[in-house]
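In this text the structure is predicted, and so the values were computed from the model without any measurement. Per chain, numbering begins at 1; letters A, B, ... match sequence-line order.
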Amino acid sequence: MSDNKLTAQDTDFSAWYIEAIQKAELMDYAPVRGCIVFRPDGYELWERIQAGLDRRFKETGHRNAYFPMLIPSSFFEKEKEHVEGFNPELPWVTEAGGEQLEEKLALRPTSETMIGYMYSRWIQSYRDLPLLLNQWANVFRWEKRTLPFLRTSEFLWQEGHTAHADEAEAREETRRMLDIYAEFAESEMAMPVWTGQKTPSERFAGAVDTYSIEAMMKDGKALQAGTSHFLGQNFAKGFGIEFLDRDNVRKFVYTTSWGVSTRLIGALVMVHGDDKGIALPPRLAPTQVIMIPIGPPKSREKVMAKCTQVYGELKAAGIRVQRDEREATPGWKFNEWEMRGVPLRLEIGPRDVESNQCVLVRRDTGEKVTTSLDNLAVYTAHLLETIQNNMLQKALAFRAENSHLHLDTLEELVMHIARAEAGGTNAGWVLGGWCGSAECEMKVREETKFTTRNIPFAPPARKEKCLVCGEKSSQEVWLARAY
RNA sequence: CGGGGUAUAGCGCAGCUUGGCUAGCGCGCCUGCCUUGGGAGCAGGAGGCCGCAGGUUCGAAUCCUGCUGCCCCGACCA
């Protein structure tokens, strides 16, 4: 790159984002519209996300399976809202082997239809229930406007699909998986989220109820980071998923689906990044410690020998450590690895070798400490945990600072946004009372571009009146600009 | 899909208004010397179908027409 400095976040957050993810080598643009390449560091983040979630899915009784990517067009006609929701963004295969296909095939945007079809063949009896499957897959959605990781034509995700004998059990499953997403986001990604219910207008196409986790990005915008849907009997009826119950009556099953995608990588960047580049939480970082040897050529041999020894000790302790022995100046390397988000830097120079010590520098705070090489692995492991924790605390503090709980009318909200824009700051999120009407929801959207994010299960404040109409409020809802 | 902008080396740009010599600059890249605790220095070097197609002209990166990609702004989305 011509200029090694990133655009500052305050100057232009979206320019910062695009530059940061490319300079950190998480992704690159592919030759197809809206498609990206996941480069090794980006893909490894996904692999670590996969590993963490997959373990949690298995612990709760789910198994993985894989269904075809091509879906017959007739499948989309079996659930009316589902078709209407997805039709505009489906890519189609219409020709193969040099001939027109009898029935065109869609590249899946999600697999409710394919899986519904298969479930109808597999489920006969209440003894076959619950059926708890998950699929790791790529999906396609031809979006008008794309943004790397957050919205691309093809993306990677996980979609869980379960079938249950009764409504209560299916609803419980829907909430259980949402809670797993929230716990994962906080403990592994150091990203706090609000769990809550989507309003009817933001519901998944074909769902009875949709729940989400919502996270605040550094520009104050909201990102839907995961969803869990209670599908009722909609797909069961569309695809004939029936079972014979204990009472010898044929009944439709209740289904759920839930998913998170590679969008989480974008979330990680937008939650923790700063003007130096991206910053990764230790639990997910492909490289947790980067070692940088320092010193003139004449001391090289001694320094390298010590590096090799320390490297071996850290590696043996299970720490993901890497050495940068390239012929570049230390300063250059410092900036490079900060840009790539490595949580901890370890410097060893001639002075350190003499006194059996090294210098550790934290990515999250910039803090430098000189420490003994004795018991270094234990010390480092603790420090990584401290960083993980601090990143979550910082994200929580940022979210609290930018959450506004004391705006009670649309006028106040409009003023609040105007003040933020005039001051060049972000307007953050606003917790509003809501009467539950679509009219009020639409009005906020039209006048402020804020949309309803979700109705939090545990709102941080109670609201007596609807922010828009002033009528008695039945619930609190997060309002924000969203990605 | 509507409105605006842009396309010249891997990246960022100048040159175009007023057509003309071998198309430049910075960063990066390669080789050598030297250097190393916050983006070092010197010397030498490689790298271009000036987005694509057509037109005007003795001559086009430069003027004209069409197309395509990308970026930004508005209606849809994990």
Trainee: Quickly work out the Gln22(A) CD to C27(B) P distance and round it to whole Å.
Mentor: 22 Å
Trainee: Contact class for Pro88(A) (heavy atom, under 4.0 Å): base, sugar-phosphate, or nothing?
Mentor: nothing
Trainee: Expressed in angstrom and rounded to an integer, what is the separation of Leu223(A) atom CG from C77(B) atom C1'?
Mentor: 12 Å
Trainee: Heavy atoms only, 4.0 Å cut-off, all strands: where does Phe86(A) land among base, sugar-phosphate and nothing?
Mentor: nothing
Trainee: Which nucleotide wins on minimum distance to the side chain of Glu327(A), given the candidates G37(B), G39(B), U35(B)?
Mentor: U35(B)
Trainee: Please give the distance between the P atoms of G26(B) and G20(B) as a whole number of Å.
Mentor: 23 Å
Trainee: Looking for any heavy atom pair under 4.0 Å, which part of the strands does Phe204(A) touch: base, sugar-phosphate only, or nothing?
Mentor: nothing
Trainee: Considering only C71(B), A40(B), C1(B), which nucleotide approaches the side chain of Lys144(A) most closely?
Mentor: C1(B)
Trainee: Taking only the C1' atom of each, what is the distance from G28(B) to G47(B) in whole angstrom?
Mentor: 12 Å
Trainee: Does a side chain donor of either His161(A) or Ser257(A) reach within less than 3.5 Å of an acceptor in the other side chain?
Mentor: no
Trainee: Are Phe230(A) and Arg175(A) close enough, and set up right, to give a side-chain contact (heavy atoms from CB on, under 4.5 Å), and what steps lead you there?
Mentor: CA-CA 9 Å; Phe230(A) 170 64; Arg175(A) 285 291 301 273; over 6 Å; no
Trainee: Taking only the C1' atom of each, what is the distance from A7(B) to C13(B) in whole angstrom?
Mentor: 13 Å
Trainee: Write down the distance separating the C1' atoms in G51(B) and U62(B), rounded off to the nearest Å.
Mentor: 16 Å
Trainee: Would you mind telling me which residue lines up with the more 5' stretch of RNA chain B, Arg445(A) or Ser14(A), judged by nearest nucleotide?
Mentor: Ser14(A)
Trainee: If you check every side-chain atom of Gln224(A), which of G74(B), A78(B), U36(B) has the closest atom?
Mentor: A78(B)
Trainee: Step through the shown structure and confirm whether more than 12 heavy atoms of other residues, nucleotides or ligands are within 6.0 Å of OH on Tyr117(A).
Mentor: no
Trainee: Does the pair Phe38(A) and Met27(A) meet the rule for a side-chain contact (heavy atoms from CB on, under 4.5 Å), with working shown?
Mentor: CA-CA 5 Å; Phe38(A) 291 79; Met27(A) 57 75 64; over 6 Å; no
Trainee: Taking only the side-chain heavy atoms of Pro297(A) (C-beta and beyond), determine which of C71(B), U36(B), G38(B) contains the nearest atom.
Mentor: U36(B)
Trainee: Dot-bracket for RNA chain B, please. Rules: Watson-Crick or G-U, both distances under 3.5 Å, ( ) within the strand, [ ] when a pair crosses earlier ones, | for another strand, . otherwise.
Mentor: (((((((..((((......[...)))).(((((.......))))).....(((((..]....))))))))))))....
Trainee: Looking at G38(B), A78(B), G39(B), which one has an atom nearest to any side-chain atom of Val361(A)?
Mentor: G38(B)
Trainee: By nearest atom, which of the nucleotides A78(B), G39(B), G37(B) is closest to the Arg351(A) side chain?
Mentor: G37(B)
Trainee: Is Thr329(A) near enough to G39(B) that one of its side-chain N or O atoms lies under 4.0 angstrom from OP1 or OP2?
Mentor: no
Trainee: Answer with base, sugar-phosphate or nothing: what part of the nucleic acid does Glu347(A) contact at a heavy-atom distance below 4.0 Å?
Mentor: base
Trainee: Over all strands shown, is Thr370(A) touching base, sugar-phosphate only, or nothing at heavy-atom distances under 4.0 angstrom?
Mentor: nothing
Trainee: Nearest whole angstrom, please: distance from the P of A78(B) to the CD of Glu214(A).
Mentor: 10 Å
Trainee: May I have the distance from Tyr211(A) (atom OH) to A78(B) (atom C1'), rounded to whole angstrom?
Mentor: 19 Å
Trainee: Counting any heavy atom closer than 4.0 Å, what does Gly259(A) reach on the DNA or RNA strands: base, sugar-phosphate only, or nothing?
Mentor: nothing
Trainee: For the pair Asp364(A) and Arg362(A), find out whether any cationic side-chain nitrogen is under 4.0 Å from an anionic carboxylate oxygen.
Mentor: yes
Trainee: Within 45° of the ring axis of Trp157(A) and under 6.0 Å from its six-membered ring centre, is that where the NZ or CZ of Arg141(A) lies?
Mentor: yes
Trainee: Output the single nucleotide from G39(B), G38(B), G74(B) whose closest atom is nearest the side chain of Arg345(A).
Mentor: G38(B)
Trainee: In terms of side-chain heavy atoms of Val359(A), which of A78(B), G37(B), G38(B) is nearest?
Mentor: G37(B)
Trainee: Can you check side chain to side chain donor-acceptor pair (under 3.5 Å) on Thr162(A) and Thr256(A), steps first, answer last?
Mentor: CA-CA 5 Å; Thr162(A) 67; Thr256(A) 80; 2.5 Å; yes
Trainee: Remember a base hit wins even if backbone is also touched, and classify Ile292(A) as base, sugar-phosphate or nothing at under 4.0 Å, heavy atoms.
Mentor: nothing
Trainee: Would you indicate which nucleotide in A78(B), A40(B), G38(B) comes nearest to any side-chain atom of Glu338(A)?
Mentor: G38(B)
Trainee: If you assign Pro296(A) and Ala482(A) each to the RNA chain B nucleotide with the nearest heavy atom, which residue ends up on the more 5' nucleotide?
Mentor: Pro296(A)
Trainee: Inspect the contact between Asp41(A) and Arg340(A) and indicate whether a charged nitrogen and a carboxylate oxygen are less than 4.0 angstrom apart.
Mentor: yes
Trainee: Between G37(B) and Lys333(A), is there an OP1 or OP2 to side-chain N/O distance shorter than 4.0 Å?
Mentor: no
Trainee: Expressed in angstrom and rounded to an integer, what is the separation of Asn138(A) atom CG from A78(B) atom P?
Mentor: 17 Å
Trainee: Using the C1' atoms only, state how far U57(B) lies from U18(B), rounded to an integer number of Å.
Mentor: 16 Å
Trainee: The side chain of Arg145(A) is closest to which nucleotide in this list: G74(B), A78(B), G39(B)?
Mentor: G74(B)
Trainee: What I want to find out is whether Arg55(A) reaches Glu59(A) closely enough, with some N-O distance under 4.0 Å, to be called a salt bridge.
Mentor: yes
Trainee: Provide the distance between the two P atoms, one in A60(B) and one in A53(B), to the nearest whole Å.
Mentor: 15 Å
Trainee: Using whole Å, what does the distance between atom P of nucleotide U35(B) and atom CZ of Arg300(A) come to?
Mentor: 12 Å
Trainee: Check whether Phe398(A) forms a cation-pi arrangement with Lys394(A) (NZ or CZ under 6.0 Å from the six-membered ring centre, at most 45° off the ring normal).
Mentor: no
Trainee: Look at all strands and tell whether Lys368(A) reaches a base, only sugar-phosphate, or nothing, counting heavy atoms closer than 4.0 Å.
Mentor: base
Trainee: Using the P atoms only, state how far C70(B) lies from U8(B), rounded to an integer number of Å.
Mentor: 14 Å
Trainee: Distance criterion of 3.5 Å, no angle test: do you see the side chain of Arg151(A) paired donor-to-acceptor with the base of C77(B)?
Mentor: yes
Trainee: Give the rounded distance in Å between these two atoms: CD of Glu446(A) and C1' of A75(B).
Mentor: 12 Å
Trainee: Can you measure Glu154(A) atom CD to A78(B) atom C1' for me and round it to whole angstrom units?
Mentor: 14 Å
